[in-house]
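Single-structure report; data block below.
So that the names make sense, note that chain A is the first sequence line, chain B the second, and so on, each numbered from 1.
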Protein chains: 4
Amino acid sequence: MRADARRNRARILAAAEEVFAEKGEGASTEEVASRAGVAIGTVFRHFPTKRDLLAAIMKELRARLVGEAAALAARADPATAFFDYFAFLVERAARVRTVLGLLAAEGMGVEPGDQIRALQQAVGELLAAAQRAGAVRPDVGIDEVMAILTAACQGALHGAWDDDLRRRTLAVVFDGLRPRP
Amino acid sequence: MRADARRNRARILAAAEEVFAEKGEGASTEEVASRAGVAIGTVFRHFPTKRDLLAAIMKELRARLVGEAAALAARADPATAFFDYFAFLVERAARVRTVLGLLAAEGMGVEPGDQIRALQQAVGELLAAAQRAGAVRPDVGIDEVMAILTAACQGALHGAWDDDLRRRTLAVVFDGLRPRP
Amino acid sequence: MRADARRNRARILAAAEEVFAEKGEGASTEEVASRAGVAIGTVFRHFPTKRDLLAAIMKELRARLVGEAAALAARADPATAFFDYFAFLVERAARVRTVLGLLAAEGMGVEPGDQIRALQQAVGELLAAAQRAGAVRPDVGIDEVMAILTAACQGALHGAWDDDLRRRTLAVVFDGLRPRP
Amino acid sequence: MRADARRNRARILAAAEEVFAEKGEGASTEEVASRAGVAIGTVFRHFPTKRDLLAAIMKELRARLVGEAAALAARADPATAFFDYFAFLVERAARVRTVLGLLAAEGMGVEPGDQIRALQQAVGELLAAAQRAGAVRPDVGIDEVMAILTAACQGALHGAWDDDLRRRTLAVVFDGLRPRP
DNA sequence: AATGAATGAGAATTCATTCAT
DNA sequence: TATGAATGAATTCTCATTCAT
């Protein structure tokens, strides 16, 4: 791929992430194009359908988020890494709608499947480590955790939680996840 | 207003609730009209914009849900009424998209504001009673509770939780809300 | 259907027949709309897809052509009716592209099937009568006749035959169809 | 012209003939390019517009078909050569859409004019020879013959005649061309 | 000369909203 | 008041053609 093409591709992805983050999947491809400063045809050359564009954003985002999980797993205390990552995702979701596409079966018009699996695995590893460290009750499974995580992300996004509310809300949720004393 | 006009208004509202519950706010006004058995013009005479129609549905739905809260407060044990209502709302949200319109700043294209306040008050009363009964920890506020409730509703709807997952997920959340032993 | 709607429907059909007759199925729906003096949405209200519009034209045209066949069968000498109808169709096809849609497996983007069958039957009856009258050799079947007819129509349309050329060409073809002396 | 340029030109022509033969003139120039293994820009460098490309194919094809006529004229019995060539062209047309471009005023978006004249001359010579040999009636002119030939080609292509139908159809047509006994 | 990315004018179709009947 | 036809802007996607690399 030529240098200018790569540059445009990146600009389109960035514009798309912005636009879809702000307006959801309903935003028009035209707006993505104009925000990226290219013609509509260029967007469709790089991403033959709107769906493809959405999927590409997801992939990028997923890679970034999974990378964060790995980094956290490597350097942080297992007892806190899980909670930190959970909070990190929720905080991100509040700003970036597309995070949700990775978590919810619906939204962004993209089949999750693989999308979710990669993230679920990353979360699953942090969860297992936290459970081994006794920081999370042993009887919760990855399913519930993902469900709660998804819900929290959705809530944070659509409910426009401020920092304080997010902190207090997560405090309650985290308490539910900790072992009973 | 003439009798037939009033009758039409009711039929439109009922149809709209059905349609938007099934398909979300993206559903076409035309479909609402045909499901209600009236012409499209009649819908717009009663509700000048789609937004107005959505707002009207919300009002109806809110009234019904608040009524349920009151009924529960009257006849059930305060220690369980709060949790029962919480679970009830989540279960409804899973099937009826419009419930979210009452809880989330977004969804259904309607400014909540008043919407939310009425429901928040109903939940607040159940919460206070439960706290007095020692069933919910005294340090959580209505804000966190509404946030968690909204999140759970959103999760249930978009995540397509089955009955079992919903039960397990709520179990964790409820544990977070209960007093530490 | 309301009077104005019926009027518009007729105008759209007329415009579509004209436009597609001139430019073939590639002509834009927009042009049909503007030639009919209505907005694009009106065309799509009456004919939900372009295909539907094409199909509607075909149906009209077919009915008219089959009607002509019946009329000819009723009032003309069987020995000449077949040839007259053959020539009539070719002459029409030269001016009206859509005639081909009724004859050719391709063209006008509409599955022929029924289209073709109705016309084939009409021609078949004229053919049988002509054969009984000894005006057409008994060993040609309706398949060949339809093939030749279609070919002639196509030739007349795409080849832009003038009246004289059409007459001379058909003379040769008709000779091939007549019994050997 | 550089050697590689000439090579590319040939590859593009070959690819274009294939592509347009399969899909008609609606096929995209992009596909021609990719089938030829060159970039789209290269196609447009050699043939400034799509029309030019189509015209070039015609010219090539015409040369080949005229060559066949000459070969047949040289080695076959004049009484059969004309009919053989007629059948040969029709059979080719059934498979190669572009043959039509040579025969019809329309199709392939190219003005025939010169195109047709060369082929018409080739056919004309075979016809004259056949008439001298008494195999074709003396009163048909080259115009009618070309018209019938074109029509048959078009019919064969668009009507998707199978081998048997083609044989029977041509039998009728050829009978029309033969002298009355 | 070749490449292939960018352009932008359509094309079909949908839908909220208006307005004649 | 009700009807439902008409409107026309918006949307996704395609393709001939141009132009920077």
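- Comparing G41(D) and A39(B), the nucleotide of DNA chain F nearest to each residue sits closer to the 5' end for A39(B).
- Using a 4.0 Å cut-off between a side-chain N of Lys or Arg and a carboxylate O of Asp or Glu, E60(C) and R9(C) do not qualify as a salt bridge.
- In this entry dA1(E) has no Watson-Crick or G-U wobble partner, no candidate having both defining distances under 3.5 Å.
- Side chains of L53(C) and F44(C) form no contact here, defined as non-hydrogen atoms less than 4.5 Å apart.
- In this structure, the CD1 atom of I12(D) is 12 Å from the C1' atom of dA1(E), given to the nearest Å.
- Atoms CZ (R2(A)) and P (dA2(E)) sit 16 Å apart, rounded to a whole Å.
- In this entry the distance linking CZ of R51(B) with C1' of dT17(E) reads 16 Å, nearest Å.
- R9(B) places its CZ atom 15 Å from the C1' atom of dT1(F), with the value rounded to the nearest Å.
- The nearest whole Å value for the distance from the CG atom in D4(C) to the C1' atom in dA20(E) is 7 Å.
- Atom P of nucleotide dC15(F) and atom CZ of F47(D) are separated by 21 Å, given to the nearest angstrom.
- Of the side-chain N and O atoms in R45(C), one or more sit less than 4.0 angstrom from OP1 or OP2 of dA5(F).
- Nearer to the 5' terminus of DNA chain F, by closest-nucleotide assignment, is the contact made by E30(A) (compared with the other of T29(D) and E30(A)).
- Of the two residues contacting DNA chain E, namely V43(A) and T42(D), the nearest-nucleotide position lying further toward the 5' end is that of T42(D).
- Counting only heavy atoms from C-beta on, S28(A) has its side chain closest to dT11(F) among dT11(F), dC13(F), dA2(F).
- Figure legend. dT21(E) is base-paired to dA2(F); pairs are counted as Watson-Crick or G-U wobble with both atom distances under 3.5 Å.
- Between N8(D) and dA2(E) there is a side-chain N or O to OP1 or OP2 distance below 4.0 Å.
- Distance L53(D) CG to dC15(F) C1': 14 Å, rounded to the nearest Å.
- Comparing K50(C) and A27(B), the nucleotide of DNA chain E nearest to each residue sits closer to the 5' end for K50(C).
- Nucleic acid contact for A33(C): none, since no nucleic acid atom lies under 4.0 Å from a heavy atom of the residue.
- Note on E25(C) versus R51(C): no salt bridge recorded, every NZ/NE/NH1/NH2 to OD/OE distance being 4.0 Å or above.
- Distance, R11(C) CZ to dA5(F) P: 16 Å, rounded to whole Å.
- Within the 4.0 Å cut-off from OP1 or OP2 of dT1(F), not a single side-chain nitrogen or oxygen of H46(B) is found.
- dT14(F): Watson-Crick or G-U partner is dA9(E), with both key distances under 3.5 Å.
- Closest approach of T29(A) to V43(A), counting heavy atoms only: CG2-CG1, 3.6 Å.
- Salt-bridge annotation for E30(A) and R35(A): absent, with no side-chain N of the basic residue lying under 4.0 Å from a carboxylate O of the acidic one.
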